[in-house]
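Every value quoted in this text rests on a predicted model; they were computed, and no experiment measured them.
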Amino acid sequence: LAARLGLPRNERASIAEELCEGLELTDPSSAAVVAAQHLGDVDRAVGSLTRAREWRESARVAYLHDRADLVETVVAPAAAEAAQGILSEATELPARLNKYLTRLRDLRHR
């Protein structure tokens, strides 16, 4: 739309930057699209996709722009951290379930 209105390149970039900043808080996947396509900021796009936990898309964008380094420095560590969190939560679930079952049994016997 900005291009159709004939806005200069720097004004379009400013609008895209503002839009990207706003989207990073609410919709990081869309912020990544704006960062990559309108700002040409691959680092920011990959970071936003990583925050959205879109690992495959993060890697795809990084490789598409010949930035395999971002997969090693941004995507892989974030994915490993997320996986560790999921594993930790999964290992805690049986103990939590037993606690709730015990409490439920106690309440039923009263």
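- Residues P94 and A90 share a closest heavy-atom pair of CD-O, 3.3 Å.
- The distance from atom CD of E57 to atom CG of L64, rounded to the nearest 0.5 Å, is 9.0 Å.
- Between W55 and V75, the shortest heavy-atom contact is O-CG1, 4.0 Å.
- Summarising the geometry of A45 relative to A35, their closest heavy-atom pair is N-CB, 3.9 Å, with the distance given to 0.1 Å.
- The distance from the CD1 atom of I15 to the CD atom of E17 is 12.0 Å, given to the nearest 0.5 Å.
- Between the side chain of T91 and the backbone N or O of S88 there is at least one donor-acceptor pair closer than 3.5 Å.
- No more than 12 heavy-atom neighbours from other residues, nucleotides or ligands sit within 6.0 angstrom of CD on E18.
- If you take NZ on K99 and CZ on R96, they are separated by 8.5 Å, rounding to the nearest 0.5 Å.
- Scanning both residues, C20 and V34, for their nearest heavy atoms gives CB-CG1, 3.9 Å.
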task: Would you check, one step at a time, whether the test side chain to side chain contact (heavy atoms under 4.5 Å, CB included) holds for E54 with R60?
output: CA-CA 10 Å; E54 294 191 23; R60 188 191 74 76; over 6 Å; no
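- V71 and A59 get closest at one heavy-atom pair: CG2-CA, 4.0 Å.
- Remark: H109 NE2 to L104 CG distance equals 9.0 Å, nearest 0.5 Å.
- The line from CD of E24 to CZ of R51 is 5.5 Å long, rounded to the nearest 0.5 Å.
- Note that NE2 of H65 is 10.5 Å distant from CG of D41, once rounded to the nearest 0.5 Å.
- Between V74 and the options D69, D43, V46, L49, a side chain to side chain contact (heavy atoms under 4.5 Å, CB included) holds for only V46.
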